[in-house]
Amino acid sequence: MSPLHPTPAFDLVAYLKARTAAVNRALDDFLPPAAARPPTIHRAMRYSIFAGGKRLRPALCLAAAEACGGSWRAALPLACAVECIHTYSLIHDDLPAMDNDDYRRGKLTNHKVFGEGIAILAGDALLTEAFAVAGRSAPAPRYPLGAMLQELWEAAGSRQLIAGQVADLEGEGKKTSAAQLRYIHERKTAALLRCSLRLGGMSANCPPAQLQALGDFGRKVGLAFQIIDDILDVTQTSEQLGKTAGKDTQARKATYPSIIGLEKSRKMAENLTARAFAALRIFQGRARALEALAAHLLRRDR
Ligand code: GRG
């Protein structure tokens, strides 16, 4: 098995379609209805949540639960909680005070439709709601609900996701080393992907060695994911990406392509994905969805 030649028999398209539909139904159930007072905020939250995201983090969470022999349905609240945090971070990242973007997920950004004030509040509300949604998860014998919530707040907090965003903001226009770039990517991107995988494992009551393996896989796939994202930013059009292409260059942001070049960046993403595959050995062939997802993330074009 290698990331470039995953098991051909695994139908990832059908897998993603089925899991995405289940996640969308669960999100619809968990989130306050659009008409709940005040409707503006609930419409704004739902606008971005249902704007057509790829649902990669929920898919990784559910696939991790399955790799550990658990039920993907049991992992749904945790998968949805991560998606709420991810969507909040995108809404806030798109604001004029941050990345100032007009398009996301192929649609106008939240603040372009609802105004900046409501967009900030929609992000805040999704972040808060994430913990309410995660709180619906059943505890596992090895992992009480508190341990699951801790996993979530650590990944979303000021030492991980927010730390990455701070370093990113502060690094704009400055010379950035490869080590600093890795610091940003590990926090801004890999932390939430890693958290999705570990939460899936926790919901399946996985033994500690499997939890460790999922975290290791998540960190490597997360870094590869961000390197590919940086490559796509310079090689794809805005139409293909559903968001403004070329933003990194425009904002004079350090990226792997800008520091080490496109070819070396591709090689680095391939190498990280191969090492991520190696982390899955402990599952002895039961992590086929995770393998297929990692291979897909490496090959993705949006
Ligand atoms: C505002 C606290 C805060 C953090 C923002 C999300 C983020 C951090 C910045 C957005 C820009 C960026 C490059 C983030 C890295 C993670 C990433 C590549 C997000 C996009 O994820 P996809 O491709 O998006 O899974 P969809 O829309 O498909 O869910």
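Starting from 1, each residue takes its place in the sequence as its number. Whatever order the structure lists them in is the order used to number ligands and atoms, beginning at 1.
Using a cut-off of 4.0 Å between Lys/Arg side-chain N and Asp/Glu carboxylate O, E291 and R288 are scored as not salt-bridged.
Protein residues having at least one heavy atom under 4.0 Å from any atom of ligand 1 are G53, K54, L56, R57, H86, Y88, S89, L90, H92, D93, R105, I162, Q165, K188, T189, F225, Q226, D229, listed by chain and number.
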Using distance only, find each side-chain donor-acceptor pair of residues 123-141 under 3.5 Å and give its atom names and separation, not counting sequence neighbours.
| residue | atom | partner | partner atom | Å |
| --- | --- | --- | --- | --- |
| T128 | OG1 | D124 | O | 2.8 |

Side chains of residues 153-165: which donor-acceptor partners sit under 3.5 Å, not counting sequence neighbours?
| residue | atom | partner | partner atom | Å |
| --- | --- | --- | --- | --- |
| E154 | OE2 | Q150 | NE2 | 2.9 |
| Q165 | NE2 | D93 | OD1 | 2.7 |

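Ring orientation note: the planes of F114 and Y47 are nearly perpendicular, at an angle over 60° on the 30°/60° scale.
A cation-pi geometry, defined here as NZ or CZ lying under 6.0 Å from the six-membered ring centre and within 45° of its normal, holds between R187 and Y183.
Take R19 and apply the salt bridge (Lys or Arg N to Asp or Glu O under 4.0 Å) test, not counting sequence neighbours, and it matches E66.
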